[in-house]
Amino acid sequence: MIVADQWRADSVGYDGNNVVHTPEIDGLAKEGVSFSNTFCQNPVCVPSRSSFMTGWYPHTKGQRTMHNLMDDKEPNILKTLKNSGYHVYWGGRNDFLKTDSDVHQLCSTRDDQFAEKMKQIRLKKERQQKEANKNIEEKEVYTHAKGVSEKVHHPEEEQFKHAKEFLENKEYGDDPFCMYLALALPHPPYQIDTKWFDMFDEEAIPDPIKLSEEEWSKKPSLIQGIYKNQKLYNLSDEELKEIKQIYYAMGTKLDNYIGDLIKTLKDQGLYDDTIFVFFSDHGDYTGDYQMVEKTQNTFEDCLTRVPLVIKPAKGMEFKPRNTDALVELIDVQATIMDLLDIEPDHTQFGKSLRSVLQGENEHRDVVFCEGGRLEGESHAMDAGHTPDNEYWPRTTEQEKIPQHTKAMMLRDKDYKYVYRLYEEDEFYDLKADPNEKNNQIDNTAFNEKVKEYKNRMLQHFFETGDVVPFKQDKRF
């Protein structure tokens, strides 16, 4: 189970992008089933990961901030597999479990090299931040772009090396194993080696999505603020396209590492008997809408639609193809348990994709994504950066209401509706306006659709508002 960080669906070749280079993932897609309509349940890291790990929506247990993580008592797919007899290897980043938790409640082997490296990077940034705070100044433009250089070090190099050694040394013994790799690519900063960058034709990079002044006026206040703060409107289209080219190249680099891991599985005679799952936690603006990074409560497809490929193991019934079935990331956990004949020991809201793997093209009628906070929830701001920090353009807006309002997206294949608690809602006709430039919430022609989606959202909250533990307590 490989989880990329911040990789949008339209940046992978199997989804129809002929500019990118992702031959390993595309090859995996041809051998299994690839999904073109998979959506995360929150557009930032920790809430999204907590959601697909547990099979709960962010609102079910309040998992909707970057700084409120799970503990080792809560259910999740890694713990379920470990308790079912699997040797669970966990490599890469955390981003869902509290640091004082017992990690070995969830896994048998934890590669701490990556975690320690990320910790050192964080401490270094904190020291730099303290120094910078002595003379705080706004940047001319906030791009998260570090550019191209001959050699760029990404921690994935060590991570994949350690994962390969685990397989080659058969450290799982006689047990079945689950390898969970939570990676950092292609998360900003946008920075890549020359050899990967030069694989692309700069003329072929898509032009950035841009909005008119009138279109911006109907957009949520959070991204209006981020747009003004990041100041990417001062960049030319060529400069914005270079950011996307770097981002594409970061994906190619990760794709290469994935291919090396696949080769190791084949060399060890494990590939055919292995279920291989690849997806991302959420997407990235990458210069579109003249913005970079992501937000906490807006739901453009570039942020919420993610790649998903599942290659079942030998002997499992499936029909190789690409499907446009509507899927949520919480369905991944349910699918793994179903394919392995594991009974869940907690309520979870994912729906197994077994029937889709076998050839069905219908799965869900709608998908959901959510984010934001209530007025007064200062503990849920995820703010505090100063103007010298790359994240300041977003986090300074998260200190404000209505900018950081709670919001929820409901999307089907034709329309997208977003309910926003403290400001105007959004409604998009996706077939007529695939780039979501024209908010149609005031168009009376869609009044009945909006009413229908509001009722569907109410049903969703009613069905998923809480969970009751399977274990019953004694009353006396």
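Closest of all the heavy-atom pairs between L308 and L353 is CD2-CD1, 4.2 Å. Pairing each heavy atom of F35 with each of N322, the nearest pair is N-ND2, 4.0 Å. In terms of heavy-atom proximity, P206 sits nearest to K244 at CD-CD, 4.3 Å. Contact detail for V44 and T295: the closest heavy-atom pair is CG1-O, 3.3 Å. Scanning all heavy atoms of the two residues, the minimum distance from N76 to Q333 falls at C-OE1, 4.4 Å. Heavy-atom minimum distance, V148 versus D193: CG1-C, 4.1 Å.
Between F166 and H87, the ring center distance clears the sub-6.0 Å criterion. Taking the ring centroids of F278 and W7, they lie under the 6.0 Å cut-off. Between F52 and F279, a ring centre-to-centre spacing shorter than 6.0 Å is recorded. Taking the six-membered ring for Trp and the full ring otherwise, the centers of Y142 and W392 sit less than 6.0 Å from each other. For Y257 and W196, the ring centers sit 6.0 Å or farther from each other. Aromatic rings of Y89 and H162 (six-membered ring for Trp) have centroids within the 6.0 Å cut-off, being under it.
Listed for the E74 side chain is no donor-acceptor partner under 3.5 Å among the backbone atoms of T54. Remark: the backbone N or O of F39 is paired with a side-chain donor or acceptor of Q41 at under 3.5 angstrom. Judged by distance alone, the side chain of D273 and the main-chain N or O of L270 form no donor-acceptor pair under 3.5 Å. The backbone N or O of V292 sits nowhere less than 3.5 Å from a side-chain atom of H144 that would complete a donor-acceptor pair. A distance-only check finds a donor-acceptor pair linking the side chain of S352 to the backbone of R354 [under 3.5 Å]. Remark: side-chain polar atoms of Y248 are not paired, donor with acceptor, to backbone N or O of I243 under 3.5 angstrom. Listed for the T60 side chain is a donor-acceptor partner under 3.5 Å among the backbone atoms of T464. A distance-only check finds no donor-acceptor pair linking the side chain of K351 to the backbone of T335 [under 3.5 Å]. Remark: the backbone N or O of T99 is not paired with any side-chain donor or acceptor of S101 at under 3.5 angstrom. The backbone N or O of Y86 sits nowhere less than 3.5 Å from a side-chain atom of D175 that would complete a donor-acceptor pair.
Classified by interplanar angle (parallel below 30°, tilted 30° to 60°, perpendicular above 60°), the ring pair F177/Y172 is tilted.
Looking only at atom types and distance, the side chain of Y285 has a donor-acceptor partner in the side chain of E300 under 3.5 Å away. A donor and an acceptor atom, one from each side chain of T252 and D255, are nowhere located under 3.5 Å apart. With hydrogens and angles left out, the side-chain atoms of S36 and D15 include no donor and acceptor closer than 3.5 Å. In this structure, a donor-acceptor pair under 3.5 Å is absent between the side chains of T194 and D198. Between the side chains of Q296 and D382, a donor-acceptor pair is found at a separation under 3.5 Å. Neither side chain, H282 nor S48, offers a donor N or O lying under 3.5 Å from an acceptor on the other. A donor-acceptor contact closer than 3.5 angstrom links the side chains of D331 and H363.
Every residue two or more places apart in sequence or in another chain that forms a ring-ring contact (aromatic ring centres under 6.0 Å, His included) with H460 is listed here: Y57, H59, F368. For D365, the side chain to side chain contact (heavy atoms under 4.5 Å, CB included) test picks out R456, with sequence neighbours left out. Under the side chain to side chain contact (heavy atoms under 4.5 Å, CB included) criterion, L261 pairs with I2, F160, A163, K164, L167, M179, L181, sequence neighbours left out.
Judged by a 6.0 Å distance limit and a 45° cone about the ring axis, K311 is positioned over the six-membered ring of Y271.
Distance check, rounded to the nearest 0.5 Å: CD1 of I330 to CZ of F349 gives 8.0 Å. Of the inter-residue distances, the one linking Q6 atom CD with S280 atom OG reads 8.0 Å to the nearest 0.5 angstrom. If you take CG on D5 and CG on L185, they are separated by 9.0 Å, rounding to the nearest 0.5 Å. Atom SG of C45 sits about 4.5 Å away from atom CG of D281, to the nearest 0.5 Å. Here OG of S355 is found 7.0 Å from CD of Q358. Values are rounded to the nearest 0.5 Å. With rounding to the nearest 0.5 Å, the separation of CE in M381 from CD in E397 is 12.0 Å.
A heavy-atom distance below 4.5 Å is found between the side chains of Q348 and H346. Between F200 and H21 the shortest side-chain heavy-atom distance falls below 4.5 Å.
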query = Would R411 and D301 count as a salt bridge (Lys or Arg N to Asp or Glu O under 4.0 Å) if you check the C-alpha gap in whole Å, the side-chain angles of each, and the deciding distance to 0.1 Å?
reply = CA-CA 10 Å; R411 187 198 194 281; D301 272 11; 2.8 Å; yes
request  = Show your reasoning for whether salt bridge (Lys or Arg N to Asp or Glu O under 4.0 Å) applies to K151 and E157.
outcome  = CA-CA 12 Å; K151 175 64 177 175; E157 183 175 346; 3.8 Å; yes
inquiry  = With salt bridge (Lys or Arg N to Asp or Glu O under 4.0 Å) as the criterion, how do E370 and R64 come out once you've worked through the C-alpha distance, each side chain's angles and the decisive distance to 0.1 Å?
reply    = CA-CA 8 Å; E370 60 188 282; R64 51 187 170 86; over 6 Å; no
request  = Give the intermediate values and the outcome of side chain to side chain donor-acceptor pair (under 3.5 Å) for residues T386 and N389.
outcome  = CA-CA 6 Å; T386 50; N389 189 287; 6.0 Å; no
request  = Evaluate the side chain to side chain donor-acceptor pair (under 3.5 Å) criterion for residues N256 and E24: first the C-alpha distance (whole Å), next the side-chain angles of each, then the deciding distance (0.1 Å), finally the verdict.
outcome  = CA-CA 7 Å; N256 182 72; E24 302 299 338; over 6 Å; no
task = Please test K79 against Q105 for side chain to side chain donor-acceptor pair (under 3.5 Å), starting from the C-alpha separation and ending with a verdict.
result = CA-CA 6 Å; K79 181 190 284 188; Q105 294 291 321; 5.4 Å; no
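With respect to I336, the side chain to side chain contact (heavy atoms under 4.5 Å, CB included) criterion is satisfied by exactly one of D338, L339, L340: L340. The side chain to side chain contact (heavy atoms under 4.5 Å, CB included) test with R8 is passed by exactly one of D288, T304, N17: D288. Test R364, R305, K413 against D324 for salt bridge (Lys or Arg N to Asp or Glu O under 4.0 Å) and you get one pass: K413.
Between E360 and K319 there is no salt bridge, since none of the side-chain N atoms of the basic residue sits less than 4.0 Å from a carboxylate O of the acidic one. Salt bridge status for D267 with K263: present, with a side-chain N to carboxylate O gap under 4.0 Å. Of the charged side-chain nitrogens involved, at least one lies within less than 4.0 Å of a carboxylate oxygen, so that R93 and D95 count as a salt-bridged pair. Between E293 and R394, at least one side-chain nitrogen of the basic residue sits less than 4.0 Å from a carboxylate oxygen of the acidic one, meeting the salt-bridge criterion.
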